K.L.:
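Following this message is one structure expressed as structure tokens.
These figures come from a predicted structure and were not determined experimentally.
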Number of protein chains: 2
Amino acid sequence: MTRHSDTTSYKDIKQTVLERIRSGEWRPDSLLPNEQELAIAFSCTRTTVNRALRELADEGFLERRRKAGTRVLSAPQRQARFTIPLVRDEVEAMGGTYRYALVSSEACTAPDWLSARLALRAGQDVMHVRCMHYSGNTPFQYEDRWIVIESVPQVSQADFTGTGPNEWLVETIPFTNVELTFLASRADASLAGFLDVPEGEPIFTTERITWLQGQPVTLAKLYFAAGYRMTTQI
Amino acid sequence: MTRHSDTTSYKDIKQTVLERIRSGEWRPDSLLPNEQELAIAFSCTRTTVNRALRELADEGFLERRRKAGTRVLSAPQRQARFTIPLVRDEVEAMGGTYRYALVSSEACTAPDWLSARLALRAGQDVMHVRCMHYSGNTPFQYEDRWIVIESVPQVSQADFTGTGPNEWLVETIPFTNVELTFLASRADASLAGFLDVPEGEPIFTTERITWLQGQPVTLAKLYFAAGYRMTTQI
DNA sequence: AAAAATTTAAAGTCTACACAAAATGGAAAT
DNA sequence: ATTTCCATTTTGTGTAGACTTTAAATTTTT
């Protein structure tokens, strides 16, 4: 089914612009014609051209400045953009059956490294939760999480035997700022046991620090099973 | 300086909507009023409301469907979005002096695992380039790259002694599709030597497969120095 | 020359309106 | 009861035009 034909869509314009860049017709660092001229060339309104170019700029292909015009970026800012799934969803997307198990959960005083990392006051109380996520009976992820009690007082009453702290937190304080770190770490004896890998195995790890309006809420260290690969298309 | 006051900007609407979600006024899974109603409530046009809600949907806060309306996502699709820097930029951003060294560069027949991975025809020729990136004299990244000669014939004449294949490729065939993978791998004897770490050390690794209009162009395996952390804010 | 003020070109955003496309919910037919 | 069809609602996108904001370029002043 073809779209009604005599009108130019912003998507067509995006396509065309990208093609002209790819083909070298519009070289990196060169200026595009201004919106008015493009509108005439594409026989559409400036509004439509504006949307197309604005989105291409958001996507990192163009640079736009008032009065200066629109420029092809020489080193396109390729942006990886991937969604952070809940463990449950990730396991189920792979066709596995998600299973959760609490390892330990206890309130304690924040250790020094944690206080430093989250900029806590000395001696602030935190809840330390450790748990496992399985795909069927295969270990999938070991979670080592610290929750600042003062930032989320309800956590004292929370019960993590049935559902994990992540799902609980998402329910309780939804929209937060997050700092996400990826790294490779080494399985120590304890972790090797939980993930069922040899000690010393390289483990893909993500650390997630969550803030609610400037207040540190939680630090989670997530250790993935051996061989885990995080993939995204750009 | 205050903006001209009696008009509502789409940014204000975005802010307000987010606040109402945060405050619990609009619960997860609930329907928002439709665009027409919101336009009246904000005393602006539907166009402006549309832009605000569309962007919030792009950012993963809302779900919109024709006829069904606009819904608050219960598990907001938090999207990590980070730019892929060139190694040079990354080193220099950390205050280091970037240095590049070619290890080896040779044309050969694609090994079977590579043919399979990139969906090459059997026996297709590739250029195999290995090189090091340093920050000052500290190893920063070891790069192991395969380039499909048929997709980039110019590569036969390319000289990688002075600049790395990545910078060369970015110049030569700018806008491509990329599949990006993150994983933790183990330093074998050779890699341990290049990165100056003990053998067996966990190494943060990214693999990048690049396609140009469906044609496989290159597979790069990038091994980062010990302790490397990739961080992003959401 | 250098600095300050002015002009002006380009993108940014809004209004107002129209029609298109999708998908839901209900009505009709099987 | 199930399927097919249709009306209706809601978002998606376009046109036309206006005013705003930014910042580059020019002119004027120091």
K.L.:
Counting only non-hydrogen atoms, which of residues 44-56 of chain A are less than 4.0 Å from DNA chain D?
P.N.:
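When residues 44-56 of chain A is checked for heavy atoms under 4.0 Å from DNA chain D, the hits, listed by number, are C44(A), T45(A), R46(A), T47(A), T48(A), R51(A).
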K.L.:
So, OP1 or OP2 of dT13(C): does either fall under 4.0 Å of a side-chain N or O from Y10(B)?
P.N.:
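So the side chain of Y10(B) is within the cut-off, an N or O lying under 4.0 Å from OP1 or OP2 of dT13(C).
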K.L.:
Please report, rounded to the nearest Å, how far the P atom of dG12(C) is from the CD atom of E63(A).
P.N.:
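The answer, rounded to whole Å, is 11 Å.
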K.L.:
Quick one: do N50(A) and Y10(A) satisfy side chain to side chain contact (heavy atoms under 4.5 Å, CB included)? Show the steps, please.
P.N.:
CA-CA 8 Å; N50(A) 179 277; Y10(A) 76 99; over 6 Å; no
K.L.:
Below 3.5 Å between N/O atoms, which protein atoms pair up with nucleotides 22-24 of chain D? Just atom names and distances, please.
P.N.:
| unit_1 | atom_1 | unit_2 | atom_2 | d |
| --- | --- | --- | --- | --- |
| dT22(D) | O4' | R66(A) | NH1 | 3.4 |
| dA24(D) | OP1 | R65(A) | NE | 3.4 |
| dA24(D) | OP1 | R65(A) | NH2 | 2.9 |

K.L.:
CG of D58(A) versus C1' of dA11(C): gap in Å, rounded?
P.N.:
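D58(A) atom CG is separated from dA11(C) atom C1' by 14 Å.
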K.L.:
Among all residues two or more places apart in sequence or in another chain, which pass the side chain to side chain donor-acceptor pair (under 3.5 Å) test with S156(A)?
P.N.:
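S156(A) satisfies side chain to side chain donor-acceptor pair (under 3.5 Å) with no other residue.
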K.L.:
Does anything in residues 31-42 of chain A reach DNA chain C, meaning a heavy atom under 4.0 Å, and if so which residues?
P.N.:
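Within this stretch, N34(A), E35(A) sit under 4.0 Å of the strand.
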K.L.:
So which of K221(B), H133(B), R208(B) actually passes side-chain hydrogen bond (donor to acceptor under 3.5 Å, both in side chains) with E143(B)?
P.N.:
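Looking at K221(B), H133(B), R208(B), the match for E143(B) under the side-chain hydrogen bond (donor to acceptor under 3.5 Å, both in side chains) is H133(B).
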K.L.:
Students often mix this up, so state it plainly: with edges at 30° and 60°, are the rings of F182(B) and F204(B) parallel, tilted or perpendicular?
P.N.:
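Correct class here is parallel.
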K.L.:
Counting only side-chain nitrogens and oxygens, does R64(A) get under 4.0 Å of the OP1 or OP2 atom of dA10(C)?
P.N.:
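Answer is no, no contact under 4.0 Å.
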K.L.:
Between K14(A) and E19(A), is the closest basic N to carboxylate O distance under 4.0 Å?
P.N.:
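Not counted as a salt bridge, because no side-chain N and carboxylate O are separated by less than 4.0 Å.
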K.L.:
Could you check whether R88(B) makes a cation-pi contact with Y98(B), meaning its NZ or CZ is under 6.0 Å from the centre of the six-membered ring and within 45° of the ring axis?
P.N.:
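Relative to the ring axis of Y98(B), which defines the angle, R88(B) lies outside at least one limit.
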K.L.:
Look at the rings of Y223(B) and Y142(B) and say which category their plane angle falls in: under 30° parallel, 30 to 60° tilted, over 60° perpendicular.
P.N.:
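Tilted: the ring planes of Y223(B) and Y142(B) meet at 30° to 60°.
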K.L.:
If the condition is ring-ring contact (aromatic ring centres under 6.0 Å, His included), which residues does F160(A) pass it with, not counting sequence neighbours?
P.N.:
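Checked F160(A) against ring-ring contact (aromatic ring centres under 6.0 Å, His included); matches are W168(A).
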K.L.:
Which pairs, with at least one residue in residues 11-44 of chain A and sequence neighbours excluded, count as a ring pair (Phe, Tyr, Trp, His ring centres under 6.0 Å)?
P.N.:
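Passing the test, one end in residues 11-44 of chain A: no pairs.
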K.L.:
Does a side-chain N-to-carboxylate-O contact under 4.0 Å join R117(A) and E207(A)?
P.N.:
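Between E207(A) and R117(A) there is a salt bridge, with a charged N closer than 4.0 Å to a carboxylate O.
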